[in-house]
Amino acid sequence: FMDFQTIQEPRPWSRYDYTFTTNPRTTLISLRCGIFNATGTVQIDAWTLIPGTTAVAFSETDDLPSAADTALLHVGIFSESGFPTTGHATSPQQLAALLTAGGLTPVVIDSDALADPLRLRPEIWPVVILPEGETFPAHARPAFVNYLRAGGHFISLGGYAFSQPLVKQDGQWVAEEETIRQEIADRLTTACLIQDPGFEETMDTGDLATAPDSERQGRWQRVTTNARTTREHAFSGENAAVVSSEQLAGEGRWELRTPGQEGRRYRIQGALRTEDVEGSGFAYIALYLYDQENELLDWRDIAQVRGSQSWQTFAWDVVAPPGTATLYAKCGLYNAAGKAWFDDIRLADISGLQWAPMNTRTGKPEDGLRTAPMQLGVFDADFRLRRVAACRSSEDQFIFRDASVPGELQGWAASGVRGADQTRWIPLLETYDTYGRKRGAAGALMIHYSGVFEGSAWAFFGVENTALFERNDPAMAE
């Protein structure tokens with residue numbers, strides 16, 4: 001934040017300006033003015049906030065889009081040449097023709113318009129139609145979410161909406177989640193905090209006791225005599241670490257320490273193989289986080305393996321708690337006999353590379369599925385349309401009158417996450433099996449009357465083997 005102007009003495013009307021660069025992760029700008037820890041009166045008027053490096057007076061902003069200039073642009077239809085579809089896309093031209101016949105004025109908008117907060121405003125496009133199924137341009141996510149928060153509405157067609165945010169790289173649209181996964185893999189390789197993740201070069205405890213800090217940090221140490229390196233069964237490279245024991249009690253291990261920083265996100269990952277591990281304990285890979293006083297702040301065994309198992313890879317992401325100063329990684333056998341191999345154990349700072357789902361398809365399982373407030377609660381990853389033989393207008397709704405879609409439909413039931421009594425969910429099209437039993441809604445409407453998206457209405461249709469609104473059906477067209 002920045003207090004770009006503070007005043008303590010009387011002044012006449014004066015204009016002040018401030019130019020700033022937003023953080024790449026910014027999704028909302030908050031402008032504030034008033035009196036703080038002071039008495040008196042302040043008058044403030046004619047705010048402007050525009051892109052660029054030069055301030056503009058309020059009287060000079062008439063060229064920006066306004067509701068009066070764009071009163072007829074009722075519906076935006078997203079469409080962009082070369083944009084991939086997962087599910088079943090609906091023709092923007094067909095949608096535009098249906099809307100025009102209904103007395104509305106459709107406007108085709110591309111991903112840049114969808115990402116532009118100056119253009120994507122409810123007073124310009126009260127409704128945006130997304131006809132591309134599961135895919136969505138990732139760079140438009142902040143503007144689109146804020147559009148919904150401001151009372152904008154959307155209609156999605158053709159599949160599980162917002163499941164696949166895409167980014168454009170070298171002229172090609174690719175999955176955002178995959179690009180982040182690759183960036184994390186690159187960081188684990190190029191910025192690994194462990195000097196020898198593959199145990200190709202090691203120093204025993206005696207050597208490291210007299211080595212300088214720069215050599216000890218992030219370097220594996222043999223802590224017990226039953227820990228060694230071997231060329232047997234290496235997961236990658238030529239060597240692997242191995243710990244073997246014939247005793248059911250005690251611990252044999254490798255360990256290392258490296259500096260950590262509070263608030264940073266770290267990933268540790270590694271490969272583990274076991275042979276005849278038995279007893280009350282297990283073979284393990286673990287990460288501990290300590291403060292400067294060597295007090296334990298957080299920890300996890302990212303792997304606990306018993307018996308005989310082939311190579312498996314394990315990983316853990318952790319945000320370092322306040323006070324974190326040291327990251328302590330170790331691997332070995334704990335209260336168990338047998339043999340365990342370890343290889344390719346990597347640790348890296350991956351701050352800024354966390355992928356956040358756009359819808360509520362994924363979350364944190366607790367008593368319910370815990371999701372972030374900005375995740376869009378449409379559809380359910382466990383609720384597909386199965387054994388559907390017919391589809392008809394739902395009862396107690398007045399949008400689809402006597403609509404009927406014959407034949408088998410596939411895709412996702414249009415269920416929704418209602419929150420803590422913040423939303424009304426209304427099925428629009430019901431599906432049925434051959435016995436007349438309901439199989440889930442093919443389309444539904446969610447009206448948000450409180451919460452983060454108060455005032456926003458979402459209509460979504462999960463059928464992905466046919467385009468519902470390209471059929472020559474007057475009831476569906478209406």
Side-chain angles (χ1 to χ4, degrees), residues 22 26-32 47-51 61 64-79 95-96 99 102-132 136-157 161-162 165 356-360 371-379 397-399 414-428 443-461:
T22 58
T26 298
T27 60
L28 183 68
I29 297 175
S30 174
L31 303 179
R32 305 182 185 189
W47 280 90
T48 63
L49 177 65
I50 65 168
T61 61
L64 294 177
S66 67
D69 295 333
T70 58
L72 296 179
L73 305 185
H74 293 296
V75 181
I77 303 175
F78 170 62
S79 179
L95 292 172
L99 293 170
L104 301 176
T105 302
V107 175
V108 174
I109 57 177
D110 62 12
S111 62
D112 289 337
L114 206 59
D116 186 348
L118 289 179
R119 289 186 280 174
L120 189 67
R121 293 162 30 197
E123 60 267 33
I124 297 177
W125 296 310
V127 179
V128 171
I129 299 178
L130 306 171
E132 303 290 347
F136 185 85
H139 71 291
R141 176 177 180 170
F144 188 75
V145 170
N146 285 329
Y147 163 79
L148 299 179
R149 294 184 66 190
H153 316 299
F154 76 79
I155 300 171
S156 71
L157 307 170
F162 313 113
M358 190 170 178
N359 58 25
T360 51
T371 58
M374 300 303 176
Q375 287 178 251
L376 306 181
V378 291
F379 299 104
Q397 58 83 37
F398 304 97
I399 296 177
S415 59
V417 179
R418 299 184 61 241
D421 195 25
Q422 298 172 337
T423 306
R424 183 182 177 193
W425 176 82
I426 305 168
L428 301 177
L445 177 67
M446 286 181 64
I447 301 174
H448 296 258
Y449 50 81
S450 66
V452 173
F453 299 106
E454 180 178 356
S456 183
W458 308 346
F460 46 103
F461 301 82

Trainee: Side chain to side chain contact (heavy atoms under 4.5 Å, CB included) for Ile129 and Leu99? Distances and angles first, verdict last.
Mentor: CA-CA 11 Å; Ile129 299 178; Leu99 293 170; 3.8 Å; yes
Trainee: Nearest 0.5 Å please: distance from the CD1 atom of Ile399 over to the CG atom of Leu428.
Mentor: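 Between atom CD1 of Ile399 and atom CG of Leu428 there are 5.0 Å.
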Trainee: Can you name the nearest heavy-atom pair linking Trp458 to Gly377, along with the distance?
Mentor: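 Scanning both residues, the minimum pair turns out to be CZ3-N, 3.8 Å.
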Trainee: Taking all atoms of both residues into account, what is the closest heavy-atom pair of Trp125 and Gly76, and its distance?
Mentor: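 Looking at all heavy atoms of both residues, the closest pair is CD1-N, 4.0 Å.
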Trainee: Distance check, rounded to the nearest 0.5 Å: Ser156 atom OG versus Glu132 atom CD?
Mentor: 11.5 Å
Trainee: Quick one: CG on Asn146 to CE on Met374, what's the gap to the nearest 0.5 Å?
Mentor: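 The distance works out to 7.0 Å.
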Trainee: Do you know the tightest heavy-atom contact between Gln397 and Ile426?
Mentor: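 For Gln397 versus Ile426, the nearest heavy atoms are CB-CG2, 4.1 Å.
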Trainee: Rounded to the nearest 0.5 Å, what separates atom CZ in Phe461 from atom CG in Leu445?
Mentor: 8.5 Å
Trainee: What's the separation between atom CG in Leu95 and atom CG in Leu104, rounded to the nearest 0.5 Å?
Mentor: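 If I round to the nearest 0.5 Å, the distance is 12.0 Å.
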Trainee: Using atom types as modelled and distance alone, determine if a side-chain donor or acceptor of Trp425 lies under 3.5 Å from a backbone N or O of Ala414.
Mentor: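 Confirmed, Trp425 side chain pairs with Ala414 backbone.
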Trainee: Would a 4.5 Å heavy-atom cut-off, applied to side chains only, mark Phe460 and Leu130 as touching?
Mentor: no
Trainee: Side chains of Thr371 and Val417: closer than 4.5 Å at any heavy-atom pair?
Mentor: no
Trainee: Residues two or more places apart in sequence or in another chain: which of them pass ring pair (Phe, Tyr, Trp, His ring centres under 6.0 Å) with Phe136?
Mentor: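 Phe144, Phe162.
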Trainee: Provide the closest heavy-atom pair for Thr423 versus Arg418 in the form atom of the first, atom of the second, distance.
Mentor: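 Minimum heavy-atom contact is O-NH2, 2.7 Å.
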Trainee: Would you name the heavy atoms of Pro122 and Gly152 that are closest together and state the gap between them?
Mentor: CG-N, 3.6 Å
Trainee: Show every donor-acceptor pair shorter than 3.5 Å between a side-chain atom in residues 109-118 and any protein atom, with sequence neighbours excluded, or say none if there are none.
Mentor:
from   : atom 1 : to     : atom 2 : distance (Å)
Asp110 : OD1    : Asp112 : N      : 3.2
Asp110 : OD1    : Ala113 : N      : 2.9
Ser111 : OG     : Glu80  : OE1    : 2.6
Ser111 : OG     : Glu80  : OE2    : 3.4
Asp112 : OD1    : His139 : NE2    : 3.4
Asp116 : OD1    : Leu118 : N      : 2.9
Asp116 : OD2    : Arg119 : NE     : 3.0

Trainee: Quick one: list whatever passes side chain to side chain donor-acceptor pair (under 3.5 Å) with Ser415, sequence neighbours left out.
Mentor: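 Side chain to side chain donor-acceptor pair (under 3.5 Å) check on Ser415 returns nothing, list empty.
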Trainee: Is a side-chain N or O of Tyr147 found less than 3.5 angstrom from the main chain of Pro126, in a donor-acceptor match?
Mentor: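 Yes; at least one donor-acceptor contact below 3.5 Å.
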Trainee: Could you tell me whether a side-chain N or O of His153 sits under 3.5 Å from a main-chain N or O of Ala457, the two making a donor and an acceptor?
Mentor: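 Yes: the side chain of His153 pairs with the backbone of Ala457.
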Trainee: Provide the closest heavy-atom pair for Pro165 versus Met358 in the form atom of the first, atom of the second, distance.
Mentor: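 Reported closest heavy-atom pair: CG-CB, 4.2 Å.
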Trainee: For Phe453 and Val145: C-alpha separation, side-chain torsions, deciding distance, then whether side chain to side chain contact (heavy atoms under 4.5 Å, CB included) applies.
Mentor: CA-CA 9 Å; Phe453 299 106; Val145 170; 4.1 Å; yes
